[in-house]
Amino acid sequence: MVRNKSACVVLLFSLFLSFGLLCSAKDFPGRRGDDDPSKRYEDCRRRCEWDTRGQKEQQQCEESCKSQYGEKGQQQRHRPEDPQRRYEECQQECRQQEERQQPQCQQRCLKRFEQEQQQPQRQFQECQQHCHQQEQRPEKKQQCVRECREMYQENPWRGEREEEAEEEETEEGEQEQSHNPFHFHRRSFQSRFREEHGNFRVLQRFASRHPILRGINEFRLSILEANPNTFVLPHHCDAEKIYLVTNGRGTLTFLTHENKESYNIVPGLVVNVPAGSTVYLVNQDNKEKLIIAVLHRPVNNPGQFEEFFPAGSQRPQSYLRAFSREILEPAFNTRSEQLDELFGGRQSRRRQQGQGMFRKASQEQIRALSQEATSPREKSGERFAFNLLSQTPRYSNQNGRFFEACPREFRQLRDINVTVSALQLNQGSIFVPHYNSKATFVILVTEGNGYAEMVSPHLPRQSSYEEEEEEEEEEEQEQEEERRSGQYRKIRSRLSRGDIFVVPANFPVTFVASQNQNLRMTGFGLYNQNINPDHNQRIFVAGKINHVRQWDSQAKELAFGVSSRLVDEIFNSNPQESYFVSRQRQRASE
């Protein structure tokens, strides 16, 4: 009897222990319990597949699951903070530290930023793998992959940039700003040298937004800003470069293996700096910043370039310090003590402490640096430079002006094969719709605000083409492209100073200035390496000179389904204005 009671006690104790372990295992780290919304959502969807009859009933069941569990499940997924914002905060913390500690701190910020940028792609791959393992039906598998793409590829930092999305109209068929692969906000630049007296920042690679831009991915765009009375350290670069001055005045000097060139630089000046040329410049103005847009075409790795500084302290360092003393002493025929003083001695460190790429210059030094500089104007006057705004405008009337320099006409652009342009659009005016046959234009807003409207095919949304995708996803995208062929969406982007807008070849586009400000923009026409830039044509679809006017009457009637007289009446209704029109006059006629 005693044995039986003991056995019962042991049995009851074991049952209670097992029950307790089961209850605790539900929320054990690393496992999904019944309270996990994402798991409950998946279970609900599976029940819909088995318990419903007919596709309509199944869809209603799945909608019910989504309303109960889907939203919470989506919110519970890990979505990190915006890396760009975290990087900027990190940089601010670095600037609060001692000057000698700032370079190392900034390097840590940059390393963490690069790692966090890769995180959404890893999460997308994990989500995609989960779809292939869990979903059996092909249509469900495709839907799951689309949801993964929306979550991790389209805009993984969407929640951190609500202020940008609020600026955009949300009409049906319009591309929201947050999903616009052609608009690069001014915050899309990454600072390589951000210092007290200046800033040198580089735009992210173009194809990081969408594979439609891979044809220009070998180019990089950067912005150099030098504060008043500031000298920019001598350096050379492993890239062919085009400097386009957008604001301020100064002196730019560079040395090739043959000679020395020195130019007074003002807005509109274009300078071709060959790869390997040592260049330095100074801001002559006492009040205004010197701002230069720099286009790079790297000679080593497409889309990647580096600066090399012969003189420097810690950031940047002198590349000569990387050589051993056994090389430097005989090469310069100099004692090691003098080399230490020049490149790394205590006196040198004390003299250069806290100074980087940008150095404050005295008025006497600025005058001396500018003595031999010339002021290029005509396209044939200088070998490497000319002033774009001194040329005759390509298009001009009372509403705006458009300047353009092509490699065919300007020898300074032939080495890099780039077209340079400038648009000056008066307030309330429109640069009528047009497209370029061969060139992809990268537009930089330099003054004012307005907006761009562009017609785009229904391209599959994608944040990067550089990572290989699975074969099923590629087939799905191809099917989507074929299904939507001949359908278009309007991409409308508000533009303000410092923004970048990319217009692919053959994409119709128009630019509009705001009602209270003029709009000023500069642009680089870029070409695929296999395309001859001399063959680019700008084709207008509105205004006095538009291509529809040249169609045969029968073609007009067959294409539009109306009489050719009506087509002519519409496309010939603006005989006086060819390229720029005013919105105010059009509204007055209404």
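Remember, predicted model here, so these are calculated numbers, not experimental data.
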Does some side-chain heavy atom of [Y] sit less than 4.5 Å from a side-chain heavy atom of [X]?
X	Y	value
Phe182	Leu213	yes
Ile430	Phe580	no
Gln190	Val202	no
Ile216	Val442	yes

Please step through side-chain contact (heavy atoms from CB on, under 4.5 Å) for the pair Ile291 and Leu224, ending with a clear verdict.
-> CA-CA 6 Å; Ile291 303 177; Leu224 188 149; over 6 Å; no

Does [Y] offer a backbone N or O that forms a donor-acceptor pair with the side chain of [X] under 3.5 Å?
X	Y	result
Arg489	Val455	no
Arg583	Val512	no
Asn436	Arg538	no
Ser421	Phe403	no
Arg209	Phe206	no
Asn426	Gln398	yes

Salt bridge (Lys or Arg N to Asp or Glu O under 4.0 Å) against [X], all qualifying residues, sequence neighbours excluded:
X	result
Glu225	Arg201, Lys289
Arg192	Glu307
Arg394	Glu404, Glu409
Arg497	none

Restricting to ring pair (Phe, Tyr, Trp, His ring centres under 6.0 Å), what partner residues turn up for [X], sequence neighbours left out?
X	answer
Phe305	His296
Phe524	none
Tyr435	none
Tyr451	none

Which heavy atom of [X] sits nearest a heavy atom of [Y], and at what distance?
X	Y	result
Ser496	Arg186	OG-NH1, 2.8 Å
Gly248	Val245	O-CG1, 4.2 Å
Asn506	Pro508	O-CD, 3.2 Å
Ser277	Thr256	OG-CG2, 3.7 Å
Asn217	Arg205	ND2-NH2, 3.1 Å

List in chain and number order the residues that pass side-chain hydrogen bond (donor to acceptor under 3.5 Å, both in side chains) with [X], two or more places apart in sequence or in another chain; answer none if no residue qualifies.
X	answer
Arg249	Gln284, Asp285
Ser553	none
Asn449	Ser514, Gln517

Residue pair [X] / [Y], side-chain donor-acceptor N/O under 3.5 Å:
X	Y	answer
Asn518	Glu447	no
Lys241	Tyr243	yes
Thr246	Arg520	no

Under the side-chain hydrogen bond (donor to acceptor under 3.5 Å, both in side chains) criterion, do Asn300 and Asp238 qualify, and how do the steps go?
-> CA-CA 7 Å; Asn300 286 326; Asp238 60 342; 3.2 Å; yes

Centroid-centroid distance, Phe501 to Phe441, less than 6.0 Å | no

Quick one: do Val509 and His434 satisfy side-chain contact (heavy atoms from CB on, under 4.5 Å)? Show the steps, please.
-> CA-CA 6 Å; Val509 67; His434 61 277; 3.9 Å; yes

Please verify the inter-ring angle class for [X] with [Y]; under 30° counts as parallel, over 60° as perpendicular, anything in between as tilted.
X	Y	answer
Tyr395	Phe402	parallel
Trp551	Phe560	parallel
His185	His183	perpendicular

Output the distance between atom [atom1] ([X]) and atom [atom2] ([Y]), rounded to the nearest 0.5 Å.
X	Y	atom1	atom2	result
Leu566	Glu557	CG	CD	10.5 Å
Asn536	Arg408	CG	CZ	9.0 Å
Asp499	Thr446	CG	OG1	11.5 Å
Leu444	Leu203	CG	CG	9.5 Å
Leu526	Thr440	CG	OG1	7.0 Å
Phe384	Ile242	CZ	CD1	11.0 Å

Verdict with supporting geometry, Gln427 and Asn516, side-chain hydrogen bond (donor to acceptor under 3.5 Å, both in side chains) | CA-CA 6 Å; Gln427 60 186 36; Asn516 55 4; over 6 Å; no

Take Asn399 and Ser582, measure what side-chain hydrogen bond (donor to acceptor under 3.5 Å, both in side chains) needs, and give me the verdict at the end.
-> CA-CA 7 Å; Asn399 297 309; Ser582 173; 4.6 Å; no

Applying side-chain contact (heavy atoms from CB on, under 4.5 Å), run through Val420 and Leu413 and close with a yes or a no.
-> CA-CA 8 Å; Val420 181; Leu413 302 173; 3.8 Å; yes

Show your working on side-chain contact (heavy atoms from CB on, under 4.5 Å) between Val432 and Thr510 and close with a plain yes or no.
-> CA-CA 6 Å; Val432 298; Thr510 182; 5.6 Å; no

Qualifying residues under side-chain contact (heavy atoms from CB on, under 4.5 Å), relative to Ser396, sequence neighbours excluded | Pro393, Arg401

What's the verdict on side-chain hydrogen bond (donor to acceptor under 3.5 Å, both in side chains) for Tyr527 and Thr419, showing C-alpha distance, side-chain angles and the deciding distance?
-> CA-CA 9 Å; Tyr527 304 87; Thr419 295; 2.8 Å; yes

Decide ring-ring contact (aromatic ring centres under 6.0 Å, His included) for Phe431 and Tyr579; before the verdict, give the C-alpha distance in whole Å, the side-chain angles of both, and the deciding distance to 0.1 Å.
-> CA-CA 6 Å; Phe431 189 17; Tyr579 311 107; 7.6 Å; no

